[in-house]
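See below for the structure under consideration.
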Amino acid sequence: AQSVTQPDIHITVSEGASLELRCNYSYGATPYLFWYVQSPGQGLQLLLKYFSGDTLVQGIKGFEAEFKRSQSSFNLRKPSVHWSDAAEYFCAVVNSNSGYALNFGKGTSLLVTP
Amino acid sequence: SQTIHQWPATLVQPVGSPLSLECTVEGTSNPNLYWYRQAAGRGLQLLFYSVGIGQISSEVPQNLSASRPQDRQFILSSKKLLLSDSGFYLCAFDPGANVLTFGAGSRLTVL
């Protein structure tokens, strides 16, 4: 089944610095990939998605992600992090065997320091 | 517009008591519906999904059950809660675009 791995459990960056969160997927064909963000005690908000086409996708809040088939990766990036970006970030892939539910990575917790 | 509502937002229940969490969707018809559980440090685990009224698929054997009595209503239940049922429960829907929208979640603490 389709799966994703987020190798970084925690990441700390300084405000204004650039950010890259890693996500690797496992699937033979072209996967449907997503990044969601979760603030403490809240639901998940969609940042961006990739289905096909242009491998660099733009999302909300200044985030972008690049699909790289050769590396089986879909890394999330932001050129300049704001303190309000501190949250939990989840990469996900559609599971066509489970009603097109999403299989999530374990998440990366982002801490932003002054 | 399409919206999703979950309640209650917070629930504290004793071990052995019943559970009912409700989720409703507005602004769409025949959506796929999903229940996830998020335990601390363990990501999101798919519990149930439904592709139509009365159609429930379970992903993980457990102490919980789900029902879909109406097109846009999805209920998560238990007859007797266990300590291990504590967690953050999230309902989500897909109107058919392969994009899930999540509710605000229900925090369950079993004591």
NZ (A:Lys49) with more than 12 external heavy atoms under 6.0 Å: no
Toward chain A, the part of B:Gln38 with a non-hydrogen atom under 4.5 Å: side chain
Shortest non-hydrogen separation from B:Phe88 to A:Gln42 and the atoms involved: CE2-O, 3.4 Å
hydrophobic_cluster_shared for B:Tyr89 and B:Phe48, side chain cutoff 4.5 Å: yes
Nearest non-hydrogen partners of A:Phe34 and B:Val99, listed with the distance: CE2-CG2, 4.0 Å
Distance, nearest 0.5 Å, that separates CZ of B:Phe102 from CD of A:Gln38: 9.0 Å
Within 6.0 angstrom of A:Tyr100 OH, more than 12 heavy atoms from elsewhere: no
Path from B:Phe93 to A:Val94 over hydrophobic side-chain contacts below 4.5 Å: no
B:Asn98, part contacting chain A, at a heavy-atom distance under 4.5 Å: both
Path from A:Leu76 to A:Ile11 over hydrophobic side-chain contacts below 4.5 Å: yes
Crowding at CD1, A:Ile60 (>12 non-hydrogen neighbours, <6.0 Å): yes
Rounded distance (nearest 0.5 Å) linking atom CD of B:Glu59 with atom CG of A:Asn95: 7.0 Å
pair B:Thr101-A:Leu46: side-chain heavy atoms closer than 4.5 Å: no
Nearest heavy atoms of A:Ala101 and B:Leu46, plus distance in Å: CB-CD2, 3.5 Å
Interchain contact, B:Leu100 with chain A, by part (heavy-atom threshold 4.5 Å): both
Cluster overlap A:Phe63 with A:Phe74, hydrophobic side-chain contacts below 4.5 Å: yes
Nearest non-hydrogen partners of A:Phe104 and B:Leu44, listed with the distance: CD1-CB, 3.9 Å
